[in-house]
Every structure is written in C-alpha cells, then in structure tokens.
Amino acid sequence: TRTLAIATHDAPILHQRAQEVGDIQVHAIQTLLDEMLTTMQAANGVGIAAPQVFVPLRIIIVASQPNKRYPDAPFMEPIAMINPEILWQSDTTCSGWEGCLSVPDTRAQVKRAERLRIRYWTRTGEQVEAEYSGFVARIIQHECDHLDGILFPERLE
Ligand SMILES: O=C(CSC(=O)[C@H](Cc1ccccc1)CC(F)(F)F)c1ccccc1
Ligand SMILES: [Zn+2]
C-alpha cells in the first residue's frame with residue numbers, strides 16, 4: 001500500500017467543503033482507505049481526513065494510540081468514518097493539545113466538546129451511531145473540521 005502526499009495548509013483543498021460519498025462509491029474507495037491509513041501511520045498521526053491527501057470526499061480515519069506526545073492516549077483500532085455527521089456534542093468542553101499533519105511544527109491548545117454522538121458509514125457501507133469522549137472525541141472533531149475546510153489554528157480563542 002502506497003503512502004500519499006499530504007497537503008499543507010496553503011493548499012486550497014484544505015479550505016473547501018468536501019463532498020459526500022455516494023453509496024455506490026463505497027466499494028470504489030477501499031484502496032483509498034488503506035492508503036489513508038498507511039499515510040497517517042507513516043506520519044505518526046492519530047487521525048487523517050481525505051482532503052489532506054487531496055481527495056475532496058467526506059472520509060476520515062480516527063486512530064488514537066499512545067505515542068510520545070500522548071503517552072496516555074487510549075489505544076483503539078483505526079476506524080474509517082464515511083460521511084460522518086456529529087449529531088450531538090456536549091456543552092462541556094475541554095482544552096487539549098492538537099497538531100496537524102497539514103500544519104507542520106505547530107501545536108496549540110484547542111477547546112473542544114468533551115463528548116459527542118456521531119453517525120457515519122463504515123467501510124462495509126453500514127450506518128453506525130456511536131458516542132465518544134475525551135481525546136478520541138477531540139480527534140473526531142479535528143478531522144470533521146477538515147471536511148468543512150477548517151484547520152485547528154482557526155479554532156483558537
Ligand atoms: O501525532 C500527532 C500528529 S498530529 C495528528 O495526528 C492529527 C490529528 C490530531 C492530533 C491531536 C489532536 C487532534 C487531532 C492528524 C491530522 F492532522 F491529520 F489531523 C499528534 C499531535 C499532537 C497530539 C497528539 C498527536
Ligand atoms: Zn489536521
């Protein structure tokens with residue numbers, strides 16, 4: 001599986017809204033999902049969104065795992081979320097460090113909802129709803145922002 005080029009913050013695609021994936025396309029994007037995962041892992045990320053690899057589709061991968069920056073990050077199997085929709089997010093917020101593969105050498109504290117409920121299609125095309133909190137919820141909000149052309153420095157107070 002090849003790794004893909006990662007767009008940096010000056011790339012227009014990172015500042016546009018990505019398009020929904022049609023249900024017939026789910027079959028056609030399996031290779032893309034593998035390549036996004038490989039690209040994220042090669043960059044030591046904990047998430048990635050399709051626009052970051054120059055694909056204007058509403059697809060994210062969420063893959064929290066402990067790393068040197070986040071030794072206490074929860075370990076989870078990577079989840080591909082197609083057409084993710086945040087259905088609800090808590091009023092309770094928390095601040096935490098974020099970075100971005102598209103905004104190199106930048107770290108900042110960002111305030112995010114502590115909990116959220118999200119609906120998405122899995123890579124096998126089934127619709128799922130799930131709740132997340134803490135660091136995983138943070139990654140999801142960060143990645144969903146990418147689908148709307150929002151980068152984390154725009155979220156600073
Ligand atoms: O591994 C990274 C590199 S940045 C990263 O993994 C982004 C995801 C992310 C990291 C930290 C908080 C929220 C999202 C990936 C991106 F840019 F594609 F979205 C990291 C950075 C700060 C805290 C924890 C981890
Ligand atoms: Zn990012």
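Read the numbers this way: they start at 1 and go in the same order the structure lists the ligands and their atoms.
- With contacts defined as side-chain heavy-atom distances shorter than 4.5 Å, the pair Ser64/Pro74 qualifies.
- Listed by atom number, the atoms of ligand 1 under 4.0 Å from Gln52 heavy atoms are 16 (C), 17 (F), 18 (F), 19 (F).
- Of all atoms in ligand 1, numbered sequentially from 1 with element shown, those under 4.0 Å from a heavy atom of Tyr70 are 23 (C), 24 (C).
- Looking at Val62 and Ile60, their side chains come closer than 4.5 Å, going by heavy atoms from C-beta outward.
- Counting non-hydrogen atoms of neighbouring residues, nucleotides and ligands closer than 6.0 angstrom, the CG atom of Asp10 exceeds 12 such neighbours.
- The ligand atoms of ligand 1 that sit less than 4.0 angstrom from a heavy atom of Glu143 are 8 (C), 15 (C), 16 (C), 18 (F), 19 (F).
- Within His142, the N, O or S atom lying nearest to the Zn ion (ligand 2) carries the name NE2.
- When hydrogens are left out, the protein atom nearest atom 2 (C) of ligand 1 is Arg69 NH1, 2.9 Å; that is the closest non-hydrogen contact.
- When the heavy-atom distances from atom 10 (C) of ligand 1 to Val46, Val103, Ile6 are ranked, the shortest goes to Val46.
- Those atoms of ligand 1 with a heavy atom of Gly45 less than 4.0 angstrom away are 1 (O), 6 (O).
- Between the side chains of Ser102 and Gln52, at least one donor-acceptor pair of N or O atoms lies under 3.5 Å.
- The shortest distance between side-chain heavy atoms of Met81 and Ile79 falls below 4.5 Å.
- Between Val26 and Trp121 the shortest side-chain heavy-atom distance falls below 4.5 Å.
- The 12-atom threshold is exceeded at CG of Leu156, counting heavy atoms of other residues, nucleotides or ligands nearer than 6.0 Å.
- Side-chain contact annotation: Gln89 with Arg115, donor-acceptor N/O pair under 3.5 Å absent.
- Ligand 1 has no N or O atom lying under 3.5 Å from any N or O atom of Leu101, backbone or side chain.
- Here is the list of ligand 1 atoms found below 4.0 Å of a heavy atom in Arg107: 21 (C), 22 (C).
- Our summary of the site lists the angle at the Zn ion (ligand 2) between SG of Cys100 and NE2 of His146 as 100°, to the nearest 10 degrees.
- For the salt bridge (charged side-chain N to carboxylate O under 4.0 Å, His left out) criterion with Glu98, the lone passing option out of Arg107, Arg155, Lys111, Arg112 is Arg112.
- The protein heavy-atom contact nearest to atom 12 (C) of ligand 1 is Glu98 CG, 3.6 Å.
- At least one heavy atom of His146 sits closer than 4.0 Å to an atom of ligand 1.
- Atom 15 (C) of ligand 1 has its closest protein heavy atom at Gly47 O, 3.0 Å.
- Looking only at protein heavy atoms, the nearest one to atom 7 (C) of ligand 1 is Gly99 O, 3.5 Å.
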